[in-house]
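Notes follow the structure.
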Amino acid sequence: MNIPCKDFNLAATLDSGQVFGFAREENGAYRGNLLGEPCEVWQIGDTVHVSSTKQMKPEHVRRYFDLDFDLSSVYTHLKEIPASDPDWFDSVRGLRLIRQDSWEALACFILSSNNNVKRIQGIYKNLVEYFSRRARRQVPVFPSSGEIAKTHERILRQIGLGYRAPFLQRSAQFLSVNPDYLSVIQDSEYEQAIERIISFPGIGPKVADCVFLYGFHGLEAFPVDVWMLRVMRKLYFKNRGVSEKRVHAFGRKKWGSLAGYVQQYLFHSARTGILFRP
DNA sequence: CCCCAGGTCCCGC
DNA sequence: GCGGGACATGGG
């Protein structure tokens, strides 16, 4: 399937730490799971190519990659950021926020706490492989909350979750008892949505913002992790040791309904060294 | 041996 | 409400 796309950067989108199920291959294509279908995705110029066994509707892929969103207002904010060069984000222009599955985002970001992207991807892969094999699935996909709820905690530990194993399992158990809770969150305003997400075990304010942003496309979220804390302190607080809470409030107020997008560009750029290099 | 990674939890104040 | 340590695991 070929999908025309303007102002899109597939590599920056999939490498920016918002989704953990895509692996870059030698030829530059990405293998992963798109809308529940294992597939291969690559970009040539202004065209996205998707190869999968089952047929997918182009409008669903467009929606998944948020391709119909006009990024110009985001770029206006990015140009005003006090970096040395106003075009500092040129190499990642076209980075977009994916509309991924909300359960998968919630599960993945429980794994993300005090962890690094490389290892989160590894645990994600282990979860897909173990539970797909166990259920004898023909196509490997991320396990449902029901599957996680029913397994043994020691299995999750063996897979590599460490001390986060009981957090993920208890969260899955809650969802299997309250199956409509994710749609309740979907229909909530920011403050109440965060309050509800934060009630899951292993989820604090930072992960809750990630879940709201990536799992529910809540663009007014502004996750502040160690990378964001560093870059924001440098840009706006004269390198003073201001708290995460204060940086979070600052970003949300400054960028409003686009805070999540600005955050994604800042986070990816900080982590890859695009911003602030000698 | 150390420190770090898309933090959270739990404790004492 | 804020500060500090513990927490699994793997890489540098």
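- Residue pairs meeting the salt bridge (Lys or Arg N to Asp or Glu O under 4.0 Å) criterion with at least one partner in residues 30-52 of chain A, sequence neighbours excluded, are A/Glu25-A/Arg31, A/Arg31-A/Glu40, A/Glu37-A/Lys54.
- With sequence neighbours excluded, no residue forms a side-chain contact (heavy atoms from CB on, under 4.5 Å) with A/Pro179.
- When the side-chain contact (heavy atoms from CB on, under 4.5 Å) test is applied to A/Pro166, the partners found at least two apart in sequence or on another chain are A/Glu153, A/Arg157.
- Applying the side chain to side chain donor-acceptor pair (under 3.5 Å) test to residues at least two apart or on different chains, the pairs with a partner in residues 246-262 of chain A are A/Asp66-A/Tyr261, A/Tyr190-A/His248, A/Asp209-A/His248.
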How does protein contact run along nucleotides 6-13 of chain B, one letter per nucleotide 5' to 3', with B for base contact, S for sugar-phosphate only, - for none, heavy atoms under 4.0 Å? BBSS----

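- For the P atom pair drawn from C/dA6 and B/dC1, the interatomic distance equals 15 Å after rounding to whole Å.
- For the segment residues 245-252 of chain A, the set of residues with a heavy atom within less than 4.0 Å of an atom of DNA chain B is empty.
- For the residue pair A/Arg96 and A/Phe69, the shortest heavy atom distance occurs at NH1-O, 2.7 Å.
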Name the atoms and distances for all side-chain donor-acceptor pairs under 3.5 Å in residues 192-207 of chain A, with sequence neighbours left out.
from, atom 1, to, atom 2, distance (Å)
A/Arg196, NH1, A/Ser188, OG, 2.7
A/Ser199, OG, A/Arg196, O, 2.5

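- Only the P atoms considered, C/dC2 is 23 Å distant from B/dA5, to the nearest whole Å.
- C/dG1 and B/dG6: their C1' atoms are spaced 25 Å apart (whole Å).
- On the nucleic acid side, DNA chain C has its first and last nucleotide under 4.0 Å of a heavy atom of chain A at C/dC2 to C/dG10, going 5' to 3'.
- For the P atoms, the distance linking C/dG11 with B/dT8 amounts to 24 Å, nearest Å.
- A/Trp42 belongs to a hydrophobic cluster whose other members, connected by ILVMFWY side-chain contacts under 4.5 Å either directly or through intermediates, are A/Ile44.
- Contacts of A/Asp187 classified as side-chain contact (heavy atoms from CB on, under 4.5 Å), with partners at least two apart in sequence or in another chain: none.
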Which pairs of donor and acceptor atoms, one on a side chain in residues 105-115 of chain A, lie under 3.5 Å apart (sequence neighbours left out)?
from, atom 1, to, atom 2, distance (Å)
A/Ser112, OG, A/Phe109, O, 2.8
A/Asn115, OD1, A/Arg119, NE, 3.1
A/Asn115, ND2, A/Leu111, O, 3.0

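- Cluster partners of A/Met56, by chain and number: A/Met1, A/Ile3, A/Phe8, A/Leu10, A/Leu14, A/Val19, A/Phe22, A/Tyr30, A/Leu34, A/Leu35, A/Val41, A/Val48, A/Val50, A/Val61, A/Tyr64, A/Phe65, A/Leu67, A/Ile98. The rule joins Ile, Leu, Val, Met, Phe, Trp and Tyr whenever side-chain heavy atoms lie under 4.5 Å apart.
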